[in-house]
Amino acid sequence: MRWSRALIPTLKEDPADAEVVSHRLMVRAGLLRPAARGVYTYLPLLLRSILKVSQIIREELDRMGAVELLPPILHPAELWKETGRWDLYGPLLMRVTDRHERGYALGPTHEEIVTDLIRREVRSYRQLPLSVYQIQTKFRDEIRPRFGVMRAREFLMKDAYSFDPDEVSMANTYQKFHDAYCAIFDRCGLAYRAVEAEAGEIGGTVNHEFMVLAGTGESAVLSCGACGYAAASERAESAPREHQLPDGHQPKPLEVVDTPGQTTVDEVAQLLGKPAEAFVKTLLFEADDNTVAVLVRGDREINEAKLGRLLAVERVEMATPERVVKVTGAEVGFAGPHTLPDGIRIIADYSLAGRGDLVAGANQTDRHVTGLEIGRDVEPHEWADVSVAIDGDPCPQCGQPLKETRGIEVGHIFQLGTKYSVAMGATFLDESGSPVPFEMGCYGLGVTRVIAAAIEQNHDDRGIIWPVAIAPYEVEVIPLNMDSEAVVKTAEQIYEACQAAHLETLLDDRPDRAGSKFADADLIGIPWRVVVGDRGVEEGVVEVASRREAEPVTVAPNEVANHLRERIEPARHGSD
RNA sequence: CGGGGAGUAGCUCAGCCCGGUAGAGCACUACGUUCGGGACGUAGGGGUCGCAGGUUCAAAUCCUGUCUCCCCGACCA
């Protein structure tokens with residue numbers, strides 16, 4: 001392809017609204033242009049990269065026995081009502097209405113549509129296990145789209161759905177997808193790790209997230225250097241701790257202090273001149289018909305999923321303000337653990353273990369208490385791990401401190417069990433002729449996010465450094481002087497030879513000066529560069545250099561294609 | 001949804017306080033000089049200053065409303 005015809009609109013300056021490096025570089029390097037908030041046109045360079053990633057996905061999934069199909073984007077509302085997700089998915093679901101006033105969703109994920117297909121078409125255990133996948137645009141009306149394609153409202157995703165006759169078979173299929181994902185991310189040149197994760201709204205029990213390690217990632221991962229435990233922050237657990245006060249701790253008397261209008265930990269902390277760690281945050285939750293008080297250190301957050309598992313309920317919800325007033329006798333913002341009514345179960349998070357002289361709400365409007373001691377002023381019914389884990393918490397497996405790193409979630413795989421098959425009446429007939437619900441799994445992989453993550457991990461201050469396997473082109477030929485007949489002729493010959501050698505080649509045929517061509521070449525980051533200049537052509541050589549290691553070698557023009565093929569072909573299949 | 005910021009040329013921005021014929025750099029067109037790491041000169045094209053009202057002899061500038069975009073935060077007591 002000739003640059004002059006390729007629609008590669010590079011920019012000298014950073015776009016004003018792009019914050020993370022992948023977004024900046026995608027716009028500057030002419031890969032991406034916005035159409036609306038969180039909605040983008042993928043320009044030719046980006047599309048080529050997308051097709052490469054898609055091809056890698058197809059090869060790996062086909063190899064493990066999954067089959068590709070293409071369901072609709074437009075989903076009839078009835079299917080989403082069958083699983084209850086028409087309401088549960090909330091505003092994240094894009095909805096449209098047709099001329100007959102029938103409701104549709106623009107697919108954010110395809111459990112319903114695929115399960116509907118399979119329940120109609122698959123009758124017998126003889127047809128199982130079956131795994132289907134698609135690569136298609138997904139729609140999610142995100143609260144806050146940001147970071148370019150990392151969190152867009154319209155994005156490309158590979159999603160797969162597996163149907164197995166029993167749990168053992170399903171776990172086996174799950175492991176195959178797990179391995180295929182590793183192969184895919186390896187081939188895309190990503191440094192990643194699979195971590196235990198929270199299922200969230202999708203449901204099911206066992207699930208893993210694939211995190212590409214990057215400081216700008218939106219997700220936090222907690223991992224243990226000692227035993228290898230790793231989990232997403234929403235999921236990560238921490239080991240139990242004993243409530244043992246430090247030696248020499250002198251308990252103070254419980255005192256009530258006025259804190260008019262100060263309802264948050266930060267406000268009261270500022271007023272009293274104490275750190276947030278010295279606070280007890282007392283949160284009231286409704287679990288089924290019971291009200292539960294959960295105590296957590298002032299600077300920590302409750303993990304509602306953990307709380308739900310502890311209480312063995314499907315969902316916990318914060319108590320309403322009316323309920324808080326009724327239980328504590330005070331306005332919201334002044335709840336404390338020490339004078340709660342008898343019927344309230346009190347759960348203390350391990351983050352409070354070993355802490356004394358605490359500040360808490362007084363259960364009186366506009367008042368807090370200081371000098372609170374757990375064990376003296378309040379006896380929790382239970383100590384538990386119900387807070388969001390943070391850096392330094394003890395590892396649940398070995399007790400060593402967990403370390404927090406950031407990552408980009410590029411894939412998430414789930415063992416769903418029978419949640420959707422039961423909800424939608426999707427069954428097959430087993431050997432005895434009895435209907436049995438399918439054991440399902442689902443497997444997401446963000447195609448555009450993989451590319452953003454690859455750029456986050458592979459760039460320098462001048463631009464992108466594409467891994468060969470997903471680069472839009474493999475070779476860029478740069479004639480430095482378009483007015484020199486000899487240079488142009490040599491460059492054209494090399495361009496032809498590279499194409500004949502099946503190297504994906506871009507020829508920078510623009511009449512620009514050398515400096516700006518070099519700068520653009522660095523920016524768009526094609527892995528191999530062939531520089532054709534007057535000086536070299538006179539001596540019968542051109543320069544070949546990789547984007548990653550800038551040191552060029554001189555090569556005779558008629559040997560360039562072979563020289564490059566030897567280097568590029570081995571790198572195509574996997575990371576460079 | 002709450003809080004902050006911004007809408008002026010394709011892009012990055014100045015001008016606004018203090019009202020008086022709309023600017024710079026980059027990009028684009030032409031010509032000339034230049035030509036191995038984002039050249040220079042000359043000439044040129046391009047903007048109803050987000051939109052709608054209002055004040056005024058006069059509004060990018062002051063006032064009101066509205067829309068859009070960006071950032072931070074979202075049942076965390």
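Residue numbers begin at 1 in each chain, while the letters A, B, ... track the order of the sequences. All values reported here derive from a predicted model rather than from experimental measurement.
Contact between the side-chain N/O atoms of A:R146 and the OP1/OP2 oxygens of B:C72 is found at a separation under 4.0 Å. OP1 or OP2 of B:A27 has at least one side-chain nitrogen or oxygen of A:K12 nearer than 4.0 Å.
Here B:C35 sits opposite no nucleotide as a Watson-Crick or G-U wobble pair (both hydrogen-bonding atom distances under 3.5 Å). Using the Watson-Crick or G-U wobble rule with both distances under 3.5 Å, B:G2 pairs with B:C72. Pair assignment for B:C18 gives none, since no Watson-Crick or G-U wobble pairing has each distance under 3.5 Å. Remark: B:U55 base-pairs with no nucleotide in the shown strands. Criterion, Watson-Crick or G-U wobble with two distances under 3.5 Å. Pairing for B:U29 goes to B:A43, judged as Watson-Crick or G-U wobble with the two contacts each under 3.5 Å. In this entry B:G7 has B:C67 as its Watson-Crick or G-U wobble partner, both defining distances falling under 3.5 Å. Across every strand in view, B:U61 sits unpaired, with no contact that passes the Watson-Crick or G-U test at under 3.5 angstrom.
B:U34 and B:G47 have their P atoms separated by 35 Å, with the value rounded to a whole Å. B:U8 sits 14 Å from B:G46 when the C1' atoms are compared, rounded to a whole Å. Spacing between B:C70 and B:C76 at atom C1', rounded to whole Å, works out to 26 Å. Going from the C1' atom of B:G3 to that of B:C11 covers 30 Å, rounded to whole Å. B:G20 sits 7 Å from B:A58 when the C1' atoms are compared, rounded to a whole Å. B:G53 and B:U61 have their P atoms separated by 14 Å, with the value rounded to a whole Å. Rounded to whole Å, the P atom of B:U21 lies 40 Å from the corresponding atom of B:G38. Across the C1' atoms, B:G41 and B:C35 are found 16 Å apart, a figure rounded to whole Å.
Relative to the side chain of A:R28, the nucleotides B:G38, B:C35, B:C76 differ in distance, and B:G38 lies closest. Considering only side-chain atoms of A:R144, the nucleotide from B:G38, B:G73, B:C76 that sits closest is B:G73. Distances from the side chain of A:A514 to the nucleotides B:C71, B:G36, B:C35 place B:G36 closest. Closest contact between the side chain of A:E19 and the listed nucleotides B:C13, B:A39, B:C72 involves B:C72. Residue A:L283 places its side chain closer to B:C76 than to any other of B:C70, B:C76, B:G36.
Residue A:A335 is classed as having no contact, given no heavy-atom separation below 4.0 Å to the nucleic acid. Using a 4.0 Å heavy-atom distance criterion, A:G536 is classed as a base contact. Residue A:D14 is in sugar-phosphate contact alone, with no base atom involved, counting any heavy-atom pair closer than 4.0 Å across all strands shown.
As a whole-Å value, the separation of A:I8 CD1 from B:A27 P is 18 Å. In this structure, CD of A:E218 is placed 13 Å from P of B:A74, rounded to the nearest angstrom. Spacing between atom CZ of A:F518 and atom P of B:C35 amounts to 15 Å, rounded to whole angstrom units. Rounded to an integer number of Å, the gap from A:R323 CZ to B:C75 C1' is 17 Å. Nucleotide B:G10 holds its P atom 15 Å from the CD atom of A:E13, rounded to whole Å. In this structure, A:R510 atom CZ and B:U29 atom C1' are separated by 18 Å, rounded to whole Å. What separates CG of A:D520 from C1' of B:C26 is a distance of 13 Å, to the nearest Å. Between A:R513 atom CZ and B:A39 atom P the separation is 5 Å, expressed in whole Å.
Both the sub-6.0 Å distance and the 45° axial angle are not jointly satisfied by A:R367 relative to the ring of A:F334. In this structure, A:R95 fails the cation-pi test against A:W80, since its NZ or CZ atom is not both closer than 6.0 Å to the six-membered ring centre and inside 45 degrees of the ring normal.
Judged purely by atom type and a 3.5 angstrom limit, A:K306 uses its side chain to pair as donor or acceptor with the backbone of A:A236. With A:W466 contributing its side chain and A:I455 its backbone, the two residues share no donor-acceptor pair below 3.5 Å. A:R33 places a side-chain N or O within donor-acceptor distance of the main-chain N or O of A:P9, the cut-off being under 3.5 Å.
For the pair A:P145 and A:V332, nearest-nucleotide mapping onto RNA chain B gives the more 5' position to A:P145. Place A:T282 and A:A519 on RNA chain B by their nearest nucleotides, and A:A519 ends up nearer the 5' end.
When the shell of 6.0 Å around NZ of A:K274 is examined, it contains more than 12 heavy atoms from other residues, nucleotides or ligands.
The residues A:K281 and A:E301 are annotated as not salt-bridged, no charged nitrogen and carboxylate oxygen being separated by less than 4.0 angstrom. Using a cutoff of 4.0 Å between basic side-chain nitrogens and carboxylate oxygens, A:E373 and A:K252 are not scored as salt-bridged.
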